[in-house]
Amino acid sequence: MDKLILIDGNNVIYRAFFAMPPLTNTAGQQTNAVYGFTTMLLRLIEEHKPTHLIVAFDAGKVTFRHEGYQEYKGGRQKTPPELSEQFPLLKDLLRDLGVPQFEIENYEADDIIGSISRQADEAGRQVMIVSGDKDMLQLASEHTTIALIRKGVTEIELYGPEKIREKYDLTPQQIIDLKGLMGDASDNIPGVPGVGEKTALKLLAQFGSVEGVIAGTGELKGKMKEKLEAHAEDAIMSKKLATIYREVPLTHSWEDMAFQGLKKDTAGPALAKLEFKSLLERLSLSGSAPVDEASSPQAEDLDIVLAGEAELEELTALLTAVKALHVETNGDNPHRSEVIGLALSTPELHYFVPFELLKSEAAAGLRNWLADEHAPKNGYDLHRADLALHWQGIPFAGAAHDVQLAAYLLDPTEASQNLSDLVAKYGLPRLAPDEEVFGKGAKYKVPELDTLGAHVASKSASVLGVLPKQEQDLKDTAMPGLFHDLEMPLSRILADMEKQGISVNTDGLKELGREFESTISGLVEQIYEIAGTEFNLNSTKQLGEILFDKLGLPVIKKTKTGYSTDAEVLEKLEPYHEIVQKILQYRTLAKLQSTYVEGLLKEIAPSTGKVHTFYRQTIAATGRLSSQFPNLQNIPIRLEEGRKIRKVFVPSEPGWSILAADYSQIELRVLAHISDDARLKEAFVHDMDIHTKTAMDVFGVPADAVDANMRRSAKAVNFGIVYGISDYGLSQNLNITRKEAARFIEQYFEVFQGVRRYMDEIVRDARKAGYVTTLLERRRYLPEINASNYNLRSFAERTAMNTPIQGTAADIIKLAMIHMDRVLFERKLKSRMLLQVHDELVFEVPEDELDTMKKLVPEVMEGALKLSVPLKAEVSYGSNWYEAK
DNA sequence: TTAATTACG
DNA sequence: CGGGTCGTAATTAAC
């Protein structure tokens, strides 16, 4: 039995646009309406299995309706550009899905639908019409059902003549009369003023049609009678306008509407291109185009060799042809990972070498190749591979192209890029996600050799496929230099630093822990006594009950789930009750104890007595590094109690020192450079105290008139500027009113006009390009910069201001690390670079190199990149990290 | 797993 | 009018 589905394309995409959150793809192109449309379309196909299917669109600006009524659809809001841009995307997608689409010059979608449905009806075919427009109900008949879209695009409600009678007590024909009387504001159809749905239904129940009502006005009285008589003509015209024209000369035949299921070969790549990953998965399509199977083999068709000793020999002879590899490891912490196996891909063959074999005598040649820095390696997360292999006694060198790192540069906000997603993004043959092969969490299990080998080998094969696409993308985004000359070399340096680790004085740390413990237990006792009960101090829920229910303290702030008890709230509560201050002290010490004493102790490697952090190079959207297992980028410094933790970070060899150097005001210096602001640059050229100088300029006073308060305010403004300021934020920070803060900011911009210009321009540029860049062309997309939602848009605007600053600072210290590494090597220095903390580098230095390093480190840091203002690095050293202040 | 909190630049 | 400064990681409780 034939079944035809007719979709009112314009109406549905319009509804989808407003129903969906503003999704955008990586290029910043909004795709929400296409997405909403497609989900609905796919569901219709699944549920109703049409044999014939059409999406109809309006065509031509002037439809025949305007010929009779100029104002038709006048006063309608212009289609937002975010929506009109999506029409071509939708039309392309429909073509690739194999869904026929019609448009006929000068007719609207509903007329096309009306005409097709009339013919289908006459032929006794089953028809379903999909739209959000109630007018469509006039087309309902014995064979024709109307699927009205409700609530966004998720629900549809089916209307046949029966249902229409139930709901309105009207025939489908009378729907037109209904609109003739009540009109339609959105189409600028007047109807009769003062007649809404209720009245119209009553009139139709009595008189049957618009004509009937007009003829019968004699039976009415009062205002209603006058109105109907005065607007009889309007009602007739409105009815005409509301009537769907069903005689459009159709240019398509029944066969043209046939739908033979989705065109799998083109549907996959088309969905992949739009980045509709969930839809791809739902259809279990890969983004691949199977037409060129030769160049992109299906994963299951790979020529995979599970290597034994004989194959290993063959492989060893082939090593120069290996173009990609993958090292499979387990666990999150690469310093503690086991290596499961290694896959190597030549363009033709894919070998899997189990770890047992890799360790054996037979694999010596392969291991030599792995260690050879002149043998280039391409792979996914080579940094992790390097570390995991290192702790198994297998050296690794020669990383050339890491596809994870390249993916991060191409879109740093999509950094959770696993290889399987990456492959889908580029429309390559599907790669099973790791969870599918290994299970996740507690269920992680290495599968048997066949499955394992095939999976790991398809990973290296995938690297092979992704590689050329990324090289092209990097070229298109001006980032090959950033990738090959900065991030790739840095990744090796990070691995060296991590393997080296930093020594921790375990006994000192334990002693510190005992000191904290005694203070903590004293505090806990006092708190319980004051509270009159014991409770779990670490539970914000229980603490809230004590403070606000039991003790009746005023509620300052609420969280999603209850009372807020954060430090800001507790500080406000301090004057009300003695318990509050003790809780604050407890919080401080409990944090130190659990994170920095106990947490750090757990991370000390027994074999080295050191902590080996893992720097992640693909997490932070601005280009910064992050540090894990343990995080050595947030060791306390602001409060003395916490700062003591730094005493346990010591040199690994007797007589050596810890030397630390940090950039002074690097972000404001970067701002001075990129904004080219005369005053800001002058401040740094003369190396003035930047906050004092800001206070002088903003308040218009000489240096000796700047008091501590003025300097504090200026400092807050400077921070605000770097982050993309708002008057509210500043007012909170300085405890002043929003108006005062706003005036303050205005004064700042009066003085630093270059900064104002920069802030305006960067937002404007971001809006136009869809992204911002750092000095080294690092890129961050800001799809929400054009959002209609104020919050989203404002956030994107602040990000546009902040990212080039923070990101350029990140570029600079990365450059410094590369220069530093090379200088240490070339000058054969024994000093070692150990840590990076965003604007600081930490070294351990032998006695006889101390004088050299004191000069060399700041010199290299300051010379990392030439800006229009000088960079400044301050160096210090001592017997531990605390002393190097 | 998520939310709240707190540590850092 | 709105919501309310950027970027991270670790710990704990409670689901």
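In this text the structure is predicted, and so the values were computed from the model without any measurement. Convention: sequence-line order gives letters A, B, ...; per-chain numbering from 1.
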Student: Which is true for A:Ala567 with a 4.0 Å heavy-atom rule: it touches a base, it touches only sugar-phosphate, or it touches nothing?
Tutor: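 Sugar-phosphate contact only.
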
Student: For A:Glu840, which residues count as a salt bridge (charged side-chain N to carboxylate O under 4.0 Å, His left out) partner, sequence neighbours excluded?
Tutor: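 A:Glu840 satisfies salt bridge (charged side-chain N to carboxylate O under 4.0 Å, His left out) with no other residue.
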
Student: Over all strands shown, is A:Arg738 touching base, sugar-phosphate only, or nothing at heavy-atom distances under 4.0 angstrom?
Tutor: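 Here A:Arg738 touches the bases of the nucleic acid.
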
Student: Is A:Thr565 touching bases, backbone alone, or none of the nucleic acid, heavy atoms closer than 4.0 Å?
Tutor: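 Sugar-phosphate: the residue A:Thr565, judged by heavy atoms under 4.0 Å, touches backbone atoms but no base.
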
Student: Only one of A:Glu603, A:His612, A:Lys602 forms a side-chain contact (heavy atoms from CB on, under 4.5 Å) with A:Pro630, so which one is it?
Tutor: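 Going through A:Glu603, A:His612, A:Lys602 one by one, the side-chain contact (heavy atoms from CB on, under 4.5 Å) with A:Pro630 is satisfied by A:Glu603 alone.
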
Student: According to the salt bridge (Lys or Arg N to Asp or Glu O under 4.0 Å) rule, which pairs have a member within residues 611-633 of chain A, sequence neighbours left out?
Tutor: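 Listed by first then second residue: A:Arg624-A:Glu667.
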
Student: Would you mind reading off the distance between A:Lys557 atom NZ and C:dG3 atom C1', rounded to a whole angstrom?
Tutor: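 After rounding, the gap between these two atoms is 14 Å.
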
Student: Distance-only check: which donor-acceptor pairs under 3.5 Å involve side-chain atoms of residues 726-735 of chain A, not counting sequence neighbours?
Tutor:
unit_1, atom_1, unit_2, atom_2, d
A:Ser726, OG, A:Gly729, N, 3.0
A:Ser731, OG, A:Tyr728, O, 2.6

Student: Rounded to whole angstrom, note down the P distance from C:dT5 over to B:dT5.
Tutor: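 Taking atom P in both C:dT5 and B:dT5, they lie 16 Å apart.
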
Student: Among A:Leu486, A:Leu482, A:Thr477, find the one that has a side-chain contact (heavy atoms from CB on, under 4.5 Å) with A:Leu409.
Tutor: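 Per the side-chain contact (heavy atoms from CB on, under 4.5 Å) rule, the option paired with A:Leu409 is A:Leu482, out of A:Leu486, A:Leu482, A:Thr477.
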
Student: If a pair satisfies salt bridge (Lys or Arg N to Asp or Glu O under 4.0 Å) and one of its residues is in residues 513-524 of chain A, list it, with sequence neighbours excluded.
Tutor: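 Qualifying pairs: A:Glu511-A:Arg514.
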
Student: Tell me the interatomic distance from A:Arg624, atom CZ, to C:dC6, atom C1', rounded to whole angstroms.
Tutor: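 From A:Arg624 CZ to C:dC6 C1': 8 Å.
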
Student: Answer with base, sugar-phosphate or nothing: what part of the nucleic acid does A:Ile635 contact at a heavy-atom distance below 4.0 Å?
Tutor: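 Answer is sugar-phosphate: A:Ile635 comes under 4.0 Å of backbone atoms only.
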
Student: With no hydrogens and no angle check, do the side chains of A:Gln806 and A:Thr622 hold a donor and an acceptor under 3.5 Å apart?
Tutor: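 Indeed, the side chains of A:Gln806 and A:Thr622 share at least one donor-acceptor pair under 3.5 Å.
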
Student: Quick one: A:Asp839 CG to C:dT8 C1', roughly how many Å, whole number?
Tutor: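 Taking CG of A:Asp839 and C1' of C:dT8, I get 14 Å after rounding.
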
Student: One character per nucleotide, please: for nucleotides 9-15 of chain C, 5' to 3', B when the base has a protein heavy atom closer than 4.0 Å, S when only the sugar-phosphate does, - otherwise.
Tutor: SBSSSS-

Student: Atom CZ of A:Arg793 and atom P of C:dG4: how far apart are they, to the nearest Å?
Tutor: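 After rounding, the reported distance stands at 14 Å.
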
Student: How is A:Ala810 classified with respect to the nucleic acid when contacts are heavy atoms under 4.0 Å: base, sugar-phosphate, or nothing?
Tutor: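 No contact.
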
Student: For A:Tyr563, give me all partners under ring pair (Phe, Tyr, Trp, His ring centres under 6.0 Å), at least two apart in sequence or on another chain.
Tutor: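 Partners of A:Tyr563 under the ring pair (Phe, Tyr, Trp, His ring centres under 6.0 Å) test: A:Phe548.
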
Student: How far does the C1' atom of C:dC1 sit from the matching atom of B:dT6, given to the nearest Å?
Tutor: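 After rounding to an integer number of Å, I get 34 Å for this pair.
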
Student: Output the rounded distance in Å from CD (A:Glu568) to C1' (C:dG4).
Tutor: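 Between C1' of C:dG4 and CD of A:Glu568: 12 Å.
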
Student: Would you mind classifying the nucleic acid contact of A:Leu592 as base, sugar-phosphate or nothing, using non-hydrogen atoms under 4.0 angstrom?
Tutor: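 No contact.
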
Student: Assign A:Ser564 to base, sugar-phosphate, or nothing according to its heavy-atom contacts below 4.0 angstrom with the strands shown.
Tutor: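 Sugar-phosphate: the residue A:Ser564, judged by heavy atoms under 4.0 Å, touches backbone atoms but no base.
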
Student: So, using ring pair (Phe, Tyr, Trp, His ring centres under 6.0 Å) as the criterion, who are the partners of A:Phe483 when residues are at least two apart?
Tutor: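 Testing A:Phe483 for ring pair (Phe, Tyr, Trp, His ring centres under 6.0 Å), a comparison that skips the adjacent residues, returns A:His401.
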
Student: Just the endpoints, please: which first and last nucleotides of DNA chain B, 5' to 3', lie under 4.0 Å from a heavy atom of chain A?
Tutor: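 Nucleotide range with atoms under 4.0 Å of chain A: B:dA3 to B:dG9.
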
Student: Between the side-chain atoms of A:Tyr728 and the base atoms of C:dG3, is any donor-acceptor pair under 3.5 Å?
Tutor: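 No pair found.
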
Student: Name all residues meeting the side-chain contact (heavy atoms from CB on, under 4.5 Å) criterion together with A:Val650; count only those two or more places apart in sequence or in a different chain, and write none if there are none.
Tutor: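 With neighbours one apart ignored, the set is A:Ser503, A:Asn505, A:Asn880.
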
Student: For C:dT5, does either OP1 or OP2 sit under 4.0 Å from a side-chain N or O belonging to A:Arg798?
Tutor: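 It does not, given that no N or O in the side chain of A:Arg798 lies less than 4.0 Å from OP1 or OP2 of C:dT5.
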
